[in-house]
Amino acid sequence: MESSEHVDRTLALVSDLHTRLGGVRAVIQAYLYRSESDIEDLCRQSIPVRLCKGAYKEPSDVAFPHKADVDRNYVRLMTKLFEHGTYPAIASHDERIIQQAVQYVKERNITPDRFEFQMLYGIRRDLQRRLVADGYRLRLYVPYGDAWYPYFMRRLAERPANVVFLVRNLLKS
Ligand SMILES: Cc1cc2nc3c(=O)[nH]c(=O)nc-3n(C[C@H](O)[C@H](O)[C@H](O)COP(=O)(O)OP(=O)(O)OC[C@H]3O[C@@H](n4cnc5c(N)ncnc54)[C@H](O)[C@@H]3O)c2cc1C
């Protein structure tokens, strides 16, 4: 999922493919105000959702401008997905959020085969190993194909902090 102007078209495409062929999933960004209603629609259609915080610079009329609000909304949406979603994917490197997810599934006896964690390849390998050792499913995200460079540059241009993120985490792991 890229910037907010593409969300309607992307979700329409996902819904159409799901109806005709199946086997598709959607990404929802917790920083967008609209995401709760998008998640409700996707859950109604039994389309699996990958929940991320959102990586693009968005205006405050469409997205929470403060990280604390994004984090809070992430947890709210994550809970909704655990309750009503189809095989949710918790895509985050935020230890606090991952801890809350683990606690939530333990308290409600949600077994590890009913959801998965997702992280970017090479980021927080320590946390990745810990989750797998604890019996949780983890999928690693690897952009591939000919268009990887423009994709990468688009991400960096949208949020220069991603360079710091990349370097810090490469050093950490
Ligand atoms: C599998 C997967 C798929 C994704 N797909 C999409 C997508 O389709 N569309 C989209 O918009 N985004 C996507 N993202 C990116 C996502 O929205 C976030 O930008 C990214 O994952 C960082 O958020 P976080 O949840 O790890 O939490 P954060 O709170 O941002 O990070 C947790 C910790 O990681 C480090 N960190 C993480 N991000 C940064 C940063 N930018 N700068 C500095 N330090 C950082 C910090 O140490 C921080 O304490 C995806 C992420 C994953 C893992």
Side-chain angles (χ1 to χ4, degrees), residues 1-15 17 24-36 38-39 42 47-60 62-82 85 87-104 115-132 136-145 147-148 150-173:
M1 192 63 87
E2 300 222 347
S3 62
S4 56
E5 71 202 68
H6 301 295
V7 175
D8 280 325
R9 274 178 295 165
T10 307
L11 291 182
L13 188 64
V14 168
S15 183
L17 288 171
V24 284
R25 302 178 188 204
V27 181
I28 292 295
Q29 298 150 315
Y31 63 15
L32 296 182
Y33 302 134
R34 61 175 288 169
S35 287
E36 180 166 11
D38 287 336
I39 280 187
L42 290 160
I47 297 177
V49 171
R50 160 191 287 162
L51 182 63
C52 67
K53 288 188 186 176
Y56 295 87
K57 189 157 179 52
E58 296 286 358
S60 60
V62 299
F64 293 102
H66 302 297
K67 190 175 183 308
D69 294 322
V70 178
D71 291 358
R72 227 184 328 271
N73 201 40
Y74 191 104
V75 173
R76 233 161 49 81
L77 299 181
M78 175 176 85
T79 307
K80 212 173 189 82
L81 284 173
F82 278 136
Y87 197 71
I90 309 306
S92 178
H93 315 85
D94 187 330
E95 271 197 77
R96 209 179 41 85
I97 283 181
I98 289 169
Q99 191 44 50
Q100 288 186 65
V102 166
Q103 192 180 327
Y104 189 89
F115 70 98
E116 68 185 31
F117 290 105
Q118 297 187 346
M119 293 189 205
L120 305 181
Y121 178 74
I123 306 292
R124 289 303 310 264
R125 287 189 176 125
D126 56 332
L127 193 50
Q128 296 176 3
R129 289 201 183 95
R130 217 185 309 150
L131 284 171
V132 173
Y136 294 104
R137 290 181 173 178
L138 174 75
R139 191 185 299 265
L140 296 182
Y141 176 108
V142 185
Y144 68 94
W148 70 270
Y151 164 85
F152 186 60
M153 293 314 284
R154 228 163 38 241
R155 285 285 162 99
L156 291 187
E158 287 293 341
R159 196 169 163 196
N162 286 343
V163 179
V164 180
F165 174 51
L166 188 72
V167 172
R168 185 168 348 128
N169 280 283
L170 284 177
L171 292 176
K172 211 186 254 178
S173 49

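For ligands, and for the atoms within them, numbers begin at 1 and follow the listed sequence. Residues: numbered from 1 along the sequence shown.
Polar contact check, Glu2 against ligand 1: no nitrogen or oxygen pair lies under 3.5 Å apart. For Val27, no nitrogen or oxygen atom sits less than 3.5 Å from a nitrogen or oxygen atom of ligand 1, counting backbone and side chain alike. Ligand 1 has no N or O atom lying under 3.5 Å from any N or O atom of Tyr56, backbone or side chain. Close N/O approach between Ser92 and ligand 1 is found [any backbone or side-chain N/O within under 3.5 Å]. For the pair Cys52 and ligand 1, the shortest N or O to N or O distance does not fall below 3.5 Å.
Remark: ligand 1 atoms within the under-4.0 Å shell around heavy atoms of Lys67 are 29 (O). Set against the non-hydrogen atoms of Leu120, the atoms of ligand 1 under 4.0 Å away are 2 (C), 51 (C), 52 (C), 53 (C). In the vicinity of Gln118, heavy-atom distances shorter than 4.0 Å reach the ligand 1 atoms 1 (C), 53 (C). For ligand 1 and Gly54, the ligand atoms under 4.0 Å from any heavy atom of the residue are 11 (O), 16 (C), 17 (O), 19 (O). Distances below 4.0 Å separate heavy atoms of Gln29 from the following atoms of ligand 1: 9 (N), 10 (C), 11 (O). Counting atoms of ligand 1 from 1 in the listed order, those under 4.0 Å from a heavy atom of Ala55 are 10 (C), 11 (O), 12 (N), 17 (O), 19 (O).
By the 4.0 Å heavy-atom criterion, Arg124 is excluded from the residues contacting ligand 1. Ligand 1 has at least one atom lying under 4.0 Å from a heavy atom of Arg50.
Ionic pairing of Glu95 and Arg130 is present here: one or more N-O contacts between side-chain nitrogen and carboxylate oxygen are shorter than 4.0 angstrom. A salt bridge between Asp94 and Arg124 is absent, with no side-chain N of the basic residue lying under 4.0 Å from a carboxylate O of the acidic one.
Of all the heavy atoms of Met119, the ones lying under 4.0 Å from any atom of ligand 1 belong exclusively to the backbone. When non-hydrogen atoms are compared, ligand 1 lies under 4.0 Å from neither the backbone nor the side chain of Arg139.
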* Given the rule in the salt bridge (Lys or Arg N to Asp or Glu O under 4.0 Å) test, do Arg34 and Asp8 qualify, once you have shown the distances and angles that lead to the verdict? -> CA-CA 11 Å; Arg34 61 175 288 169; Asp8 280 325; 2.9 Å; yes

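Aromatic ring centres of Tyr33 and Tyr31 lie farther apart than the 6.0 Å criterion allows.
Shortest non-hydrogen contact noted between Val14 and Ala26 is CG1-CB, 4.2 Å. Nearest heavy-atom pair, Asn73 versus Leu32, reported as atom, atom and distance to 0.1 Å: ND2-O, 4.1 Å. Across Gln100 and Val75, no two heavy atoms sit closer than the pair OE1-CG1, 3.6 Å. Considering all non-hydrogen atoms of both residues, Cys52 and Tyr74 come closest at C-CE1, 3.6 Å.
Remark: among candidates Lys53, His93, Met1, Glu58, the nearest residue to atom 33 (C) of ligand 1 is His93, based on non-hydrogen atoms.
Between Tyr104 and Phe82, the ring-plane angle classifies as parallel under the 30° and 60° cut-offs.
The side-chain heavy atoms of Glu116 and Tyr87, taken from C-beta on, include a pair separated by under 4.5 Å.
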